Structures are given as structure tokens and as C-alpha cells.
Number of protein chains: 2
Amino acid sequence: MLRITKQTDYGIVLLTHFGLADEGQLLSAKELAERTRIPAPMVAKILKILVRAGLLDSQRGAAGGYGLARPARDLSLLEMIAALEGPVSMTECAEMGSGCPIEAGCRPRVNWKLINQVVQAALEGITLERMITPAPACATLDLGLVRAGLEAPQRT
Amino acid sequence: MLRITKQTDYGIVLLTHFGLADEGQLLSAKELAERTRIPAPMVAKILKILVRAGLLDSQRGAAGGYGLARPARDLSLLEMIAALEGPVSMTECAEMGSGCPIEAGCRPRVNWKLINQVVQAALEGITLERMITPAPACATLDLGLVRAGLEAPQRT
DNA sequence: CGAAACCGGACCAGAAAAGTCCTGAAAAGA
DNA sequence: TCTTTTCAGGACTTTTCTGGTCCGGTTTCG
Ligand code: SF4
Ligand code: SF4
């Protein structure tokens with residue numbers, strides 16, 4: 001679990017197709033639906049969300065379609081997810097002035113904020129551009145270093 | 001979004017109380033419910049899950065209760081979340097032989113597996129023991145290093 | 001025995017998520 | 001101009017999951 005929604009998942013798949021296409025080329029909803037096999041109405045819905053979030057530009061009318069608002073290397077996974085399903089935060093307290101009924105006597109609360117930062121940093125470090133590459137650029141990402149960053153404070 | 005469920009959240013809060021208590025001391029469901037202000041039936045439900053997952057031991061009968069099955073330093077956040085809401089995986093494909101209707105022509109698929117590993121590594125690095133400390137031990141965790149681990153492959 | 005506690009699972013109401021559909025408005029081209 | 005394409009904006013339905021409750025049964029202690 002801890003899943004992204006299907007909508008988000010689809011949205012990211014769609015975005016990769018823009019990254020793959022020639023820069024500036026417009027892709028229509030119908031076209032995307034055919035390529036990705038995602039149900040057409042869903043594609044339309046998601047693209048609209050992406051436009052409103054500012055990740056895509058749209059051009060209406062015949063021969064219209066959608067295109068990336070920014071180059072693929074400037075688009076982080078964190079932004080994509082945030083656009084498609086709201087800001088990333090693992091607990092409801094970490095985000096806003098809570099509303100959590102417990103809150104008092106909740107020890108982990110303070111730490112959740114930190115954990116969120118780690119997750120967000122991880123997602124922010126992945127760009128659409130890297131998402132497009134089959135794997136190697138991503139495959140070598142240094143898990144050891146990531147772990148070291150987490151364990152550092154315990155060492156000294 | 002990308003939230004853990006409330007059940008998971010509560011479960012972790014409960015676990016912290018065990019970490020705080022004297023080692024070997026048994027806490028009853030009722031007692032926990034009072035301390036945490038979590039609805040009692042919920043507490044009971046969650047504790048049962050935790051026992052079945054092997055994170056807690058239980059002792060029935062009068063004067064019975066629950067206790068940690070392992071020391072707090074050997075219990076990672078990853079395990080807690082997995083126990084409470086299933087294995088951590090951000091996409092449905094990353095985990096098992098999918099069932100995802102798209103799959104073909106899905107570029108990001110291969111990369112999601114890596115991203116999952118990063119998230120898992122991050123969650124695995126946080127122990128219940130650290131979760132209990134008010135903040136400082138966690139507050140200094142090296143975000144810079146985490147980012148470095150992610151960006152490493154792009155540098156060389 | 002009887003009270004205290006866990007065990008197992010059924011159950012429900014409400015909230016999201018997934019997916020569909022319809023009416024309109026712009027743009028391009030015949 | 002008029003038609004076609006394609007996006008914009010919602011409303012809507014269906015399905016699934018969550019949060020939360022409840023109960024009958026079993027173990028253990030006093
Ligand atoms: S205050 Fe504690 S219980 Fe409430 S949402 Fe935050 S971490 Fe969870
Ligand atoms: S195969 Fe692609 S679309 Fe399907 S779950 Fe995996 S990432 Fe998402």
C-alpha cells in the first residue's frame with residue numbers, strides 16, 4: 001500500500017508520452033488514449049487536471065491538443081503527484097493545523113514532518129526526463145548514500 | 001495525499017507507547033485507549049492486527065495485555081506500515097505480476113521499482129526507537145546526503 | 001466461579017476513487 | 001459562414017476502501 005491513485009499513475013504515464021514526443025508537438029486526448037490504452041474519458045479528465053495545474057498547455061480547436069508547459073528536465077515527480085492528487089504528506093497533521101483528534105500525547109507527530117521531507121526530497125529528485133529513460137540512469141541511483149543520509153545522526 | 005491510513009497512523013502511535021513503557025510491561029487495550037484517546041474498539045482491532053503480524057505479543061486473561069515482541073531499536077517504520085496496511089509499493093505493478101491493464105507501452109514502470117526502493121529504504125531507516133525521541137536525533141538527519149544519493153548518477 | 005482480557009470475525013455507514021457522460025466554447029479549415 | 005475537431009467544465013454513477021462498531025467465544029487469574 002501507500003499507493004498513488006490510479007489517476008495519478010495514469011497521469012504520469014501520459015506525461016511520459018509528452019516527454020517522448022518531439023518538443024512542441026501537440027498530442028490530442030484521443031491520440032493519447034489510443035497509445036496508452038487508458039480509457040478515453042479518463043485521459044480527457046486527467047489532461048484537464050494537468051492543464052489546470054500548469055503542467056500542460058492546451059490548444060483547442062481542430063489540430064489542437066496538449067503539450068508540456070515546461071521542459072521534461074524541470075518537471076519533478078513531486079510536482080506531478082501533487083498536481084494529480086494534492087500535496088504529498090503522509091499524515092494529516094504534518095500538513096495543516098491538523099484536526100487530528102489525538103494530537104495531544106502523540107509522540108510521532110514531530111518526527112513525521114521529517115519523514116515527509118525525506119520522501120518529498122526523494123520524489124523531487126526524480127525528473128520526468130529520468131522517468132523516460134528506460135532504467136540505467138535511475139538504476140544506479142545510490143541507495144547506500146540515501147541510507148547514509150538517514151543514519152548519519154546516529155553515528156556521531 | 002500519499003497518506004498512510006488512519007489505522008496505520010493510530011497503530012504507530014500505539015507502538016510508541018509500548019516503546020515508552022518499561023520493557024516487558026504489559027499494556028491492555030483499555031489502558032492504551034485511555035492514554036491515547038483513540039476509540040477503544042479501534043485500539044482493540046489494531047492491536048490484534050499487530051499481534052498477528054508478529055510485532056506484538058499478547059497475554060490473555062485477567063492482568064493480561066500486550067507487549068513488544070522485539071526491542072524498539074529493531075522495529076522499522078517500514079515493518080510497522082507493512083503490518084498495518086500491507087506491503088509498501090507505490091504502484092500496483094511494482095509489487096506482483098501486476099494486473100495493470102496498461103502495462104504495455106508503460107515507460108515509467110521500470111523506474112517505479114527503483115523509486116519504491118528509495119522510499120522503502122527511507123522508511124526502513126527509521127526505527128521505533130527513533131520515533132520515540134522527541135525530535136533531535138531525527139531532526140539532524142542528513143537530507144543533503146539523501147539528495148546526493150538520488151542525484152549521484154547524473155553527476156558522473 | 002466470575003471478572004478481566006484477548007480472539008476472531010461480521011457488520012455498517014460514509015467517504016473516496018474510478019470511470020462515464022453531457023453541454024458548451026474556441027479554433028481551423030472548407 | 002458553417003462544419004468539424006478538440007478542449008473546458010461539471011454532474012453523475014458505480015465500486016471500493018476506511019473508519020468504526022459489535023458480539024459471542026476463549027483464556028487466565030483470583
Ligand atoms: S497528530 Fe499524531 S495521530 Fe494525529 S495525524 Fe499526526 S501523527 Fe497521526
Ligand atoms: S504498469 Fe505502468 S500504468 Fe500500470 S501500474 Fe505500473 S506504472 Fe502504472
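Letters A, B, ... mirror the listed sequences (proteins, then strands); counts begin at 1. Since we're looking at a predicted model, the values are computed, not measured.
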- prompt: Rounded to the Å, how far apart are A:L56 CG and D:dT6 C1'?
  reply: 15 Å
- prompt: Which nucleotide in the set C:dC7, D:dG19, D:dG10 lies at the smallest distance from any side-chain heavy atom of B:T5?
  reply: D:dG19
- prompt: Is there any salt bridge (charged side-chain N to carboxylate O under 4.0 Å, His left out) pair reaching into residues 66-85 of chain A, and which pairs are they, with sequence neighbours excluded?
  reply: A:R70-A:E79, A:R73-A:E129
- request: Take the protein atom CZ of A:R37 and the nucleotide atom P of C:dG19, then report the distance between them rounded to whole Å.
  value: 16 Å
query: Between A:E34 and A:K30, is there a salt bridge with N-O shorter than 4.0 Å?
result: no
- request: Round to a whole Å and report the spacing from CD of A:Q7 to P of C:dT20.
  value: 13 Å
Comparing B:K30 and B:K48 on DNA chain C - which has the more 5′ nearest nucleotide: B:K30
task: Would you tell me if any nitrogen or oxygen in the side chain of A:R3 comes within less than 4.0 Å of OP1 or OP2 on D:dC17?
output: no
Salt bridge flag under 4.0 Å for residues B:E103 and A:R37: no
query: Expressed in angstrom and rounded to an integer, what is the separation of A:L27 atom CG from D:dT5 atom P?
result: 18 Å
message: Nearest whole Å is fine: how far is D:dG19 P from B:I46 CD1?
response: 9 Å
field: Rounded distance in Å - CD1 (A:I49) to P (C:dA18)
entry: 11 Å
- request: Determine the contact category for B:A29: base if any of its heavy atoms lies under 4.0 Å from a base atom, sugar-phosphate if only primed atoms, P, OP1 or OP2 are that close, otherwise nothing.
  value: sugar-phosphate
Of the listed nucleotides C:dA27, C:dA18, C:dC6, the one nearest the side chain of A:Q59: C:dA27
message: So, does A:S58 get its side chain near the phosphate of D:dT6, meaning an N or O under 4.0 Å from OP1 or OP2?
response: no
- prompt: With a non-hydrogen cut-off below 4.0 angstrom, is B:K6 in contact with a base, only sugar-phosphate, or nothing?
  reply: sugar-phosphate
Taking every non-hydrogen atom, the tightest pair across A:C106 and B:V13: SG-CG2, 3.9 Å
query: Can you tell me if the side-chain N/O atoms of B:R60 get under 4.0 Å from OP1 or OP2 in D:dC29?
result: no
message: With nearest nucleotide decided by heavy atoms, which residue, B:P41 or B:E85, maps closer to the 5′ end of DNA chain D?
response: B:E85
message: Distance check needed: D:dT6 P versus A:Y66 OH, whole Å only.
response: 11 Å
- prompt: Roughly how many Å is it from CG in B:L84 to P in D:dG19, rounded to a whole number?
  reply: 11 Å
- prompt: Does B:Y10 place a side-chain N or O at less than 4.0 Å from the phosphate oxygens OP1/OP2 of D:dG20?
  reply: yes
- request: Output yes when a side-chain donor or acceptor of A:R107 lies under 3.5 Å from a complementary backbone atom of B:M131, and no otherwise.
  value: no
